[in-house]
A.B. asks: 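After the structure tokens below, expect a handful of questions from me.
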Amino acid sequence: MGTIVEQESPAGDGVASPPRPNRTRRAIRERRMRRRSLAIAAFSTAAVAAALVLLVPMAPGWDKVRTVFFNWEVMAKTFPKLLSAFTVDIMIFAWSAPIIAVWGLVIALFRDARSPALFPLRLFAIAYNDIFRGVPVILVIYLIGFGVPGLGLPRPWNSPYLWGTVALVLSYSAYVAEVYRTGIDSIHESQRSAAKSLGLTQADIMRYVILPQAIRRVIPANMNNFISLQKDVALLSFIGPIEVLRQAGVQKSLLANFTPYLGAAIIFLAVTIPATRLADHLIARQNRARS
Amino acid sequence: MATKLQLLNVRKSFGALTVCRDISLTVDQGQMVCLIGASGSGKSTLLRCCNLLEPVDDGQILLDGADITDPEIDPVPIRQRIGMVFQSYNLFPHMTVIENVLLAPRRVFRQSREQLRDGAETLLRRFGLGDRMTHYPDQLSGGQQQRAAIVRALAMKPEIMLFDEITSALDPELVGEVLDAVRELKSEGMTMIMATHEMGFAREAADKVCFLDKGTIVEEAAPEAIFSAPARERTREFLRRVL
């Protein structure tokens, strides 16, 4: 980097010129370019926003859409109900997530099992991952949520909460297991060598050396899985639980208005946007730490 | 002196590449053997074979006269008797220094942290890490990390130590402190094999120096002999290049 300093103004003879930061020519140019791109971005955003505000209401059906989707009266009336239904989503998420985290790890370890005696476990894990990552979550929920209670089990074994949770766990642990596996694979072979040279067993190496590092490393990636899970809890509405999507549907029918769906979307966004930003932040920090 | 470790016609290939061919070497109790030679001459692989980190393809390695390369035996208890230190330290980054040192003894000897802590702390202090015990590896200098790795291996009370170019990743001003640690071990009578590029150290500290080239031991002699009057042309050529 050059050390060329901005020249003092020639008019300042005799007078002590105010102290100014020493900027290189490059820094000055970069600052100018930054300001210019900010200005361009602000202008183009304002232009697009103005066009939307002016043009969309000109559409022939706008008045109808506004009363059916953006009805503030309906919103005010239904939003509290939606919020209280959302606690059901949170509950289902809260008990599913830890089970998925643990079961996903078990699948990942099965998948990495090397000894021939454990081959059946390995085979099971491979089949498990192929099946549950290959089938849409909603299908698993239908098959299990309707299928298993159809066996005529007594309460509480016919609860849609129970079998809905099972369906979510089955699907999501397959994704989470794959993330764990990339984490395990990412630990450098030299860590294994060092642990082996100390006389640790394979099990101890995995438990004390590899897994603690691997799990930490994939936390941001797994967060994205859990953000998806948070949204997919809403799919359980199809098999019974009155959670936020179902509640929005009920309100829609009662009031003949779609605004409750907008309310439900807002509630989901209020959770998922901060969570996504946090995950992105963690990933960025990890990338910085590694470079 | 009793023979501690004996290599008999050890051969090791990776695919088509033969890394060690018919290597035979005897290391006596308390002896310090230095392996010198260019990168890729087979020094590291030879050390990794001694620790059973790499299975040998052919030949035998005897520890106290017992064949440890028998494919039927469990390598884990053998590795517990042999300490190894690596070029890139390979400390466990998620553990503090003291936890790095305690892990293997805790798991292998089935003792608690409390039972082991005194011994580990004494060992760390002896190698100048008394004030670094609760630091994480990335908070230490390279020299400190490497000394911590040496202590981690020593905590298993090994009968023999293998050093794989342990100063090669260090800044020059940090090499001395790590070599001092090795000198300290020598003064205690530890049996050691060390692959190194530090010719001055090999000359001063080794009991025996082996020059490896293309996977064979070309020359094996006392340090004075090998450095002042190498018998083989390949040894002379190598020493001319590095000295």
Side-chain angles (χ1 to χ4, degrees), chain A residues 101-102 104-105 108-109 112-119 176 179-223 282-291, chain B residues 44-45 47-55 74-96 99-110 136-138 145-146 148-164 166 169:
Chain A
V102 172
L105 184 58
L109 291 175
D112 267 2
R114 288 274 170 269
S115 95
L118 300 180
F119 186 73
V176 168
V179 171
Y180 281 131
R181 230 159 63 84
T182 55
I184 291 170
D185 289 347
S186 77
I187 303 302
H188 199 267
E189 189 54 36
S190 62
Q191 288 284 305
R192 232 177 257 270
S193 291
K196 271 190 200 167
S197 80
L198 290 166
L200 291 170
T201 60
Q202 288 294 346
D204 277 352
I205 293 172
M206 191 47 100
R207 176 170 164 202
Y208 292 98
V209 178
I210 307 295
L211 278 187
Q213 298 185 61
I215 291 174
R216 228 168 289 189
R217 200 172 280 187
V218 297
I219 283 174
N222 258 337
M223 272 188 72
L282 290 177
I283 290 172
R285 199 174 66 180
Q286 205 168 54
N287 288 343
R288 273 200 306 276
R290 229 179 294 173
S291 62
Chain B
S44 288
T45 305
L47 289 178
R48 293 174 67 89
C49 286
C50 292
N51 205 1
L52 307 184
L53 286 179
E54 301 289 352
D74 180 7
V76 171
I78 303 297
R79 293 192 191 119
Q80 288 161 8
R81 300 167 59 191
I82 303 175
M84 181 152 185
V85 184
F86 302 83
Q87 177 175 346
S88 49
Y89 331 134
N90 301 3
L91 291 171
F92 307 132
H94 58 299
M95 297 181 186
T96 60
E99 288 297 321
N100 264 278
V101 173
L102 289 175
L103 175 64
R106 267 173 54 211
R107 299 303 302 164
V108 174
F109 304 143
R110 302 274 159 194
Y136 284 89
D138 64 4
Q145 288 190 58
Q146 196 57 296
I150 292 172
V151 171
R152 180 176 67 174
L154 289 177
M156 288 299 292
K157 302 194 168 48
E159 300 163 33
I160 176 167
M161 285 285 281
L162 310 173
F163 296 109
D164 187 8
I166 59 170

A.B. asks: Is B:Met156 in contact with chain A via its backbone, its side chain, both, or neither, using a 4.5 Å heavy-atom distance?
C.D. replies: side chain
A.B. asks: Evaluate the criterion side-chain contact (heavy atoms from CB on, under 4.5 Å) for residue pair A:Ser193 and B:Arg48; output intermediate values, then yes/no.
C.D. replies: CA-CA 9 Å; A:Ser193 291; B:Arg48 293 174 67 89; 3.1 Å; yes
A.B. asks: Among B:Leu52, B:Asn51, B:Leu47, whose side chain to side chain contact (heavy atoms under 4.5 Å, CB included) with A:Ser197 holds?
C.D. replies: B:Asn51
A.B. asks: Go through the atoms of A:Arg216 and report whether side chain, backbone, both or neither lie under 4.5 Å from a heavy atom of chain B.
C.D. replies: side chain
A.B. asks: Could you tell me which of B:Pro158, B:Pro77, B:Pro93 has the largest number of non-hydrogen atom pairs under 4.5 Å with chain A?
C.D. replies: B:Pro93
A.B. asks: Please report the shortest heavy-atom distance between A:Tyr208 and B:His94, naming the atom on each side.
C.D. replies: O-NE2, 2.8 Å
A.B. asks: Does any heavy atom of chain A fall under 4.5 Å from the side chain of B:Phe86, the backbone, both, or neither of them?
C.D. replies: side chain
A.B. asks: Shortest non-hydrogen contact from B:Ala153 to A:Leu198?
C.D. replies: CA-CD2, 4.0 Å
A.B. asks: Of the non-hydrogen atoms in A:Lys196 and B:Arg79, which two are nearest, and what is the gap between them?
C.D. replies: O-CD, 3.0 Å
A.B. asks: Heavy-atom cut-off 4.5 Å, strictly under: side chain, backbone, both or neither for B:Val108 against chain A?
C.D. replies: side chain
A.B. asks: Do any N or O atoms from the side chain of B:Gln80 and from the backbone of A:Leu200 form a donor-acceptor pair under 3.5 angstrom?
C.D. replies: no
A.B. asks: Ignoring hydrogens, what is the shortest heavy-atom contact between B:Phe92 and A:Gln191? Give both atom names and the distance.
C.D. replies: CD2-OE1, 3.2 Å
A.B. asks: CG of B:Asn90 to CD of A:Glu189: how many Å apart, nearest 0.5 Å?
C.D. replies: 10.5 Å
A.B. asks: For chain A, which of B:Asp74, B:Ile78, B:Leu103 has the most heavy-atom pairs under 4.5 Å?
C.D. replies: B:Leu103
